[in-house]
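Worksheet: the structure to be examined is printed underneath.
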Amino acid sequence: MARMCQDDVGRCDFIDVLEEAVLRRRPVAVELRAGESFADVVTDVVTEQGDDFAVFRSHARVPVGAILSVTREPS
C-alpha cells in the first residue's frame, strides 16, 4: 500500500483502506493531522454516535477525521 492520504481519496474510500488493514492484520504507519505519527495494527473500524473511529492494538482509538494518512509498514 502506498501512502494513502484521506484528503486525496475521500472519507469513504479512506475507511475502506482502514478496513482492508483490519483484514490483513499488518502494521500501518499512521500520520495524524495534529502532526503525531505512529505505527500500529488496526484491529477495527467502528461507528459510534455518527463518528467513525479506527481502533488500534497498542494506541488509543482515533477519530477517522483526525487521520491524515496511512502507509503499510514493511514486514
Side-chain angles (χ1 to χ4, degrees):
M1 163 194 325
R3 180 178 183 266
M4 298 295 295
C5 182
Q6 183 170 185
D7 295 342
D8 293 340
V9 299
R11 186 176 184 93
C12 289
D13 288 338
F14 193 72
I15 289 172
D16 288 345
V17 169
L18 293 171
E19 289 174 340
E20 179 183 340
V22 171
L23 294 174
R24 295 186 181 271
R25 297 183 184 135
R26 295 198 48 182
V28 293
V30 178
E31 182 181 355
L32 301 180
R33 294 184 186 278
E36 180 187 355
S37 57
F38 60 87
D40 204 344
V41 175
V42 185
T43 60
D44 203 359
V45 179
V46 298
T47 302
E48 293 179 2
Q49 299 178 7
D51 279 334
D52 299 308
F53 296 89
V55 181
F56 295 96
R57 181 180 293 159
S58 301
H59 288 81
R61 70 185 191 159
V62 176
V64 170
I67 303 173
L68 177 63
S69 67
V70 295
T71 308
R72 182 173 56 219
E73 285 284 285
S75 32

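All values below come from the heavy atoms of this structure, side chains included, with hydrogens, waters and symmetry mates left out.
Sorted by first and then second residue, the ring pair (Phe, Tyr, Trp, His ring centres under 6.0 Å) pairs with a member in residues 3-24 form an empty list; sequence neighbours excluded. Within the structure, salt bridge (Lys or Arg N to Asp or Glu O under 4.0 Å) pairs that include any residue of residues 32-44 comprise D7-R33 (at least two apart or interchain). Screening residues 60-69 for salt bridge (Lys or Arg N to Asp or Glu O under 4.0 Å), with sequence neighbours left out, gives E48-R61.
Remark: E31 engages R3, S69 in a side-chain hydrogen bond (donor to acceptor under 3.5 Å, both in side chains) (not counting sequence neighbours). Listed by chain and residue number, nothing satisfies the salt bridge (charged side-chain N to carboxylate O under 4.0 Å, His left out) test with D8 (two or more places apart in sequence, or in another chain). Scanning for ring pair (Phe, Tyr, Trp, His ring centres under 6.0 Å) contacts around F56 gives F38, with sequence neighbours left out. The side-chain contact (heavy atoms from CB on, under 4.5 Å) search around A39 returns E73, not counting sequence neighbours. The side-chain hydrogen bond (donor to acceptor under 3.5 Å, both in side chains) test applied to T47 returns D52, not counting sequence neighbours.
Linking Ile, Leu, Val, Met, Phe, Trp and Tyr residues whenever their side-chain heavy atoms come within less than 4.5 Å places V70 and V64 in a single cluster. Hydrophobic clustering (side-chain heavy atoms under 4.5 Å, transitive across Ile, Leu, Val, Met, Phe, Trp, Tyr) groups V62 together with I15.
L32 is listed as a side-chain neighbour of I67, based on a closest heavy-atom distance under 4.5 Å. The shortest side-chain heavy-atom distance between C5 and L68 falls under the 4.5 Å cut-off.
Annotation: the span from M4 atom CE to R72 atom CZ amounts to 11.5 Å, rounded to 0.5 Å.
Cluster partners of V55, by chain and number: V46, F53. The rule joins Ile, Leu, Val, Met, Phe, Trp and Tyr whenever side-chain heavy atoms lie under 4.5 Å apart.
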